[in-house]
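For reference, the structure discussed in these notes is given below.
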Amino acid sequence: MECAGGPAHAIIVPGNHDECFETWPEAASELFGENVHVLQDKPLVLDGITFYGSPWTPPFMLWHFMAEESRLAMLYRNMPAAVDVLVTHGPPYGVLDPGWKEPHAGSTALAQAIGEREVGHHVFGHLHGAGGRMIQKGNTIFYNVAACDEGYRLINPPREFEVRTGV
């Protein structure tokens with residue numbers, strides 16, 4: 001992201017393969033420059049655009065940043081009431097979240113948190129089966145930006161979108 005009149009910024013939200021961010025969050029974050037922002041359950045405002053990032057998903061195998069829905073609900077309480085761009089590792093329940101054994105594998109706590117807030121764009125990945133797709137529900141545009149398919153083959157190009165403030 002390029003800020004008006006300033007240097008480019010990058011936002012990182014870890015996920016289930018990122019043990020270093022779960023075990024040593026400060027040390028892992030310090031590996032990057034000052035314009036790289038690691039969001040682990042915290043907001044960031046750049047050029048008047050509010051971002052919020054969270055790495056958590058419901059349990060799946062024995063990976064990282066996984067928690068039961070009751071704990072996820074507590075974590076999402078810290079999300080601001082209005083978020084221009086929500087970046088999470090996983091999707092909300094029922095939105096671009098194909099499961100392997102069940103129809104949906106997204107988080108019900110995340111779906112509820114979004115429903116209680118004003119969210120303009122929600123960017124996530126994790127569930128590769130819907131990678132590269134976007135849909136709009138209500139006032140929120142949802143993007144599953146998983147770059148790889150379920151066989152970990154790189155098939156989806158990066159997604160670019162514009163966020164405007166004061167519109």
Side-chain angles (χ1 to χ4, degrees), residues 1-18 21 25 28-58 65 72 75-98 104-150 152-167:
M1 170 184 178
E2 297 215 11
C3 289
H9 290 262
I11 294 173
I12 295 174
V13 174
N16 58 296
H17 293 287
D18 297 316
F21 285 98
S29 296
E30 289 172 4
L31 295 172
F32 304 99
E34 64 183 73
N35 292 333
V36 177
H37 311 277
V38 179
L39 299 184
Q40 290 184 228
D41 302 304
K42 65 182 182 180
L44 170 70
V45 178
L46 294 172
D47 272 1
I49 299 171
T50 301
F51 296 86
Y52 187 86
S54 182
W56 300 94
T57 62
F65 293 109
L72 295 178
L75 289 165
Y76 297 140
R77 285 187 194 144
N78 296 323
M79 191 186 312
V83 178
D84 297 305
V85 182
L86 173 61
V87 184
T88 61
H89 182 66
Y93 184 88
V95 179
L96 303 175
D97 67 332
H104 299 285
S107 168
T108 56
L110 181 55
Q112 181 174 347
I114 292 168
E116 295 169 349
R117 291 163 175 78
E118 293 178 29
V119 177
H121 301 268
H122 183 197
V123 180
F124 53 87
H126 186 53
L127 298 175
H128 301 216
R133 294 180 48 207
M134 72 173 246
I135 62 169
Q136 182 167 353
K137 287 189 169 193
N139 293 325
T140 304
I141 303 171
F142 296 89
Y143 308 84
N144 184 323
V145 296
C148 296
D149 65 12
E150 290 174 335
Y152 291 97
R153 292 178 300 262
L154 183 61
I155 63 165
N156 296 315
R159 170 77 67 172
E160 184 175 315
F161 60 91
E162 186 174 337
V163 178
R164 297 180 187 172
T165 58
V167 175

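- Partners of Asp97 according to the side-chain hydrogen bond (donor to acceptor under 3.5 Å, both in side chains) rule, which considers only residues two or more places apart in sequence or in another chain, are His104.
- Just one residue in the list Asp41, Leu44, Val87, Thr88 forms a side chain to side chain contact (heavy atoms under 4.5 Å, CB included) with Tyr52, and that residue is Asp41.
- When atom types are taken as modelled, the side chain of Asp47 and the backbone of Ile49 share no donor-acceptor pair closer than 3.5 angstrom.
- Aromatic rings from Phe124 and His126 are positioned such that their centres are separated by 6.0 Å or more.
- Applying the salt bridge (Lys or Arg N to Asp or Glu O under 4.0 Å) test to Asp149 and every residue at least two apart in sequence or in another chain returns Arg153.
- Not counting sequence neighbours, Glu30 has no partner by the salt bridge (Lys or Arg N to Asp or Glu O under 4.0 Å) test.
- In this structure the side chain of Leu110 reaches within 4.5 angstrom of the side chain of Leu86, judged on heavy atoms.
- Although no hydrogens or angles enter the test, the distance criterion places a donor-acceptor pair under 3.5 Å between the side chain of Asn156 and the main chain of Ala146.
- A search for side-chain hydrogen bond (donor to acceptor under 3.5 Å, both in side chains) contacts involving Tyr143 returns His121, not counting sequence neighbours.
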Evaluate Phe161 against Val123 for side-chain contact (heavy atoms from CB on, under 4.5 Å), listing each step before the verdict.
CA-CA 11 Å; Phe161 60 91; Val123 180; 3.6 Å; yes
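- Listed by first and then second residue, the salt bridge (charged side-chain N to carboxylate O under 4.0 Å, His left out) pairs involving residues 117-129 amount to none (not counting sequence neighbours).
- Nearest heavy-atom pair, Ala82 versus Thr50, reported as atom, atom and distance to 0.1 Å: O-CG2, 3.8 Å.
- In this structure, Phe65 and Trp56 have perpendicular ring planes: the angle between them is above 60°, well past the 30° mark.
- Side-chain atoms of Asp18 and His89, non-hydrogen and from C-beta on, never get closer than 4.5 Å to each other.
- Residues passing the side-chain hydrogen bond (donor to acceptor under 3.5 Å, both in side chains) test with Thr57, sequence neighbours excluded: none.
- Nearest heavy atoms, Gly53 versus Val13: CA-CG2, 3.9 Å.
- Checked by atom type and distance alone, the side chain of Gln136 pairs as donor or acceptor with a backbone atom of Gly138 at under 3.5 Å.
- Side-chain contact between Pro43 and Val83 is absent, with no heavy atoms from C-beta onward closer than 4.5 Å.
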